[in-house]
Amino acid sequence: MESSELQRITNWLIDGARSSGTPTEMIADVCERLVEAGLPLARFGIFIRTLHPEIFGRNFIWRKGQEVEIGTVDFEILETPEFARSPLRIVFEQGIEVRGRMDDPASRRFPFLDDMRAEGVTDYIAVPMPFLDGSVHATSWVTRDPGGFSDDDIAAIRSIVTPLARVAEIISLRRTAEMLLDTYVGNRAGARILGGQIRRGHNDTMQAAIWLSDLRGFTALSDRLPAETVVEILNQYFDCQVTAIRGHGGEVLKFMGDGLLAVFPIDEYVGDAAHVCGRVLEAARESRASVETLAFPVGEIIERFRFGVALHVGNILYGNIGGGNRLDFTCIGPAVNLAARLEKIAGRLGRTVVVSEVFANACRHDWRELGEFPIAGFSKAQRVYGLGEETPLVMA
């Protein structure tokens, strides 16, 4: 390789690879520049472990003449025989290089390299890519050159991994922050926090459909079952709602014991109130069906569940609320308070879904009027509606 060109690539990475707008562009640029400088590179992979409750890591694969492919793997891969006999497992666990020349019988210990051999690969090397926090990630380098990688090629690969790691770590940290914020506060709130809305008083008014639900009989359930079992039940119960809420454009803001608060924004990007409320109703029906089929075995007993959800439409104050240096990104306002009161009415009436008059007017449906109810803190009684097809539970 040309040492001067290798230095230019190194300097470009140290400067943050500014000319590349995305991670995939950066990877493609690095590989193409290295090829132009004389590295006989046919395939390159970068494997980043993530801080995510479901995803073990992400991989980016570049092949000469093709676009970069992005993939994710979940934690189940750690239990597979393929991973157990993978060169990357050694890199992750021991932080050392693993090389497999196809003409070396020792490379047969890695079944993955059999696939590489069938593609005409002559040499493979996996190189650890340590981050400053001590975590070890990995890169893989593949060539079809008849002589494999030369000593100079290997030296160039080793020299480029360190500046590449600095750029990859910055990108990874940013993505980790986004994923953690999405996981704990929701994607809209996470985007706002990363955008700089981090001070108390940073709030916006937003029109939204509001979802507030809870699990019926949760107090009694918690009293008679071990805490670990209750947590497992709650996780499965919330899965029944979160999938439907997110699938129909909503954002879960908060879990409160067995309660769930979600909003479905109404703005120029997602449609008018009728459109949004129609999606909210579909999410409520899907959640109801999922909860009804949820069965949790406890000893010889199969626990079944029922929940209630109140739906309302109104303006909410959405942003940072809290004290001192401990803030919460949430929503407040009379509309949220009314939804909370309606949810209690749903429990008293034995209904799964109840909606406010505003929601019923926005979402045309076969509503059944359930009556007017005085609401604490509100000067006027509120008219409440339920689904016409729903048979209320007879309350003991």
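If you're wondering where the values come from, they're calculated on a predicted model, not measured in any experiment. We're numbering straight along the sequence, starting at 1.
Hydrophobic clustering (side-chain heavy atoms under 4.5 Å, transitive across Ile, Leu, Val, Met, Phe, Trp, Tyr) groups Val298 together with Phe305. Hydrophobic clustering (side-chain heavy atoms under 4.5 Å, transitive across Ile, Leu, Val, Met, Phe, Trp, Tyr) keeps Ile170 apart from Val30.
Among pairs with a residue in residues 10-30, those fulfilling salt bridge (charged side-chain N to carboxylate O under 4.0 Å, His left out) read Asp15-Arg18, at least two apart in sequence or across chains. Among residues at least two apart or in separate chains, salt bridge (charged side-chain N to carboxylate O under 4.0 Å, His left out) pairs with a member in residues 208-232 are Asp214-Arg216, Arg216-Glu343, Arg224-Glu303.
In Glu389, the CD atom is crowded: over 12 heavy atoms of neighbouring residues, nucleotides or ligands sit closer than 6.0 Å. Within a 6.0 Å radius of CD in Glu93, more than 12 heavy atoms belonging to other residues, nucleotides or ligands are found. At most 12 non-hydrogen atoms from other residues, nucleotides or ligands lie less than 6.0 angstrom from CD1 of Ile301. Other residues, nucleotides and ligands contribute at most 12 non-hydrogen atoms within 6.0 Å of the CD atom of Glu79. Lys344 NZ: 12 or fewer foreign heavy atoms inside a 6.0 Å radius. Atom CG of Asp151 is surrounded by 12 or fewer heavy atoms from other residues, nucleotides or ligands within 6.0 Å.
With hydrogens and angles disregarded, a donor-acceptor distance shorter than 3.5 Å links the side chain of Thr80 to the backbone of Ile77. Within the 3.5 Å criterion, the main-chain N or O of Phe83 finds no donor-acceptor partner in the side chain of Ser86. Looking at Arg304, its side chain does come within 3.5 Å of a backbone N or O of Glu292 through a donor-acceptor pair. Using modelled atom types, no side-chain atom of Ser135 and backbone atom of Phe131 make a donor-acceptor pair closer than 3.5 Å. Between the side chain of Thr143 and the main chain of Leu41, no donor-acceptor pair closer than 3.5 Å is present.
With hydrogens and angles left out, the side-chain atoms of Gln241 and Trp211 include a donor and acceptor closer than 3.5 Å. If you check the side chains of Ser150 and Asp153, you find a donor sitting under 3.5 Å from an acceptor.
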Next item on the list: Starting from the C-alpha separation in whole Å, work towards a yes-or-no answer on salt bridge (Lys or Arg N to Asp or Glu O under 4.0 Å) for Glu390 and Arg368.
Entry: CA-CA 9 Å; Glu390 187 175 288; Arg368 177 170 298 173; over 6 Å; no

Next item on the list: Dump the intermediate steps for side chain to side chain contact (heavy atoms under 4.5 Å, CB included) on Arg246 and Glu251, then the final yes or no.
Entry: CA-CA 6 Å; Arg246 298 194 64 169; Glu251 178 173 358; over 6 Å; no

Check: Does the side chain to side chain donor-acceptor pair (under 3.5 Å) test come out yes or no for Ser107 and Arg117, once each step is laid out?
Finding: CA-CA 10 Å; Ser107 67; Arg117 191 177 287 104; 2.8 Å; yes

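Atom-to-atom distance recorded for Arg58:CZ and Ile46:CD1 is 11.0 Å, nearest 0.5 angstrom. Rounding to the nearest 0.5 Å gives a distance of 10.5 Å between CD1 of Ile245 and CD of Glu286. Note: Met26 CE to Phe60 CZ = 8.0 Å, rounded to the nearest 0.5 Å. The CG atom of Leu311 sits 4.5 Å away from the CZ atom of Phe359 when rounded to the nearest 0.5 Å. Expressed to the nearest 0.5 Å, how far CD1 of Ile157 lies from CG of Leu34 amounts to 8.5 Å. For the atom pair Phe307 CZ and Leu294 CG, the distance stands at 11.5 Å (nearest 0.5 Å).
A pairwise comparison of heavy atoms in Val291 and Cys240 identifies CG2-CB, 3.8 Å as the closest pair. Here the closest heavy-atom approach between residue Ile266 and residue Ala209 is recorded as CD1-N, 4.0 Å. Across all their heavy atoms, Ser213 and Tyr237 have their closest contact at OG-OH, 4.2 Å. Between Ala284 and Val309 the shortest heavy-atom distance is CB-CG1, 4.4 Å. Minimum heavy-atom separation, Glu169 to Asp133: OE2-N, 3.6 Å. When all heavy atoms of Leu261 and Cys331 are compared, the pair lying nearest together is CD2-SG, 3.9 Å.
Cation-pi geometry between Arg33 and Trp12 is satisfied (NZ or CZ under 6.0 Å from the ring centre, within 45° of the ring normal).
Electrostatic pairing of Arg108 and Asp114 counts as a salt bridge here, judged by a charged N lying under 4.0 Å from a carboxylate O. Under 4.0 Å is where a charged nitrogen must lie from a carboxylate oxygen, and between Arg158 and Glu97 at least one such pair does. Under 4.0 Å is where a charged nitrogen must lie from a carboxylate oxygen, and between Arg279 and Glu282 no such pair does. Using a 4.0 Å cut-off between charged side-chain N and carboxylate O, Asp104 and Arg99 make no salt bridge.
Looking at Trp141, Phe112, Phe149 one by one, the single match for ring pair (Phe, Tyr, Trp, His ring centres under 6.0 Å) with Tyr124 turns out to be Phe112.
Note: His137 and Phe47 fail the aromatic proximity criterion, with ring centroids not under 6.0 Å apart. Ring centroid separation for the pair Phe255 and Phe238 comes in under the 6.0 Å cut-off.
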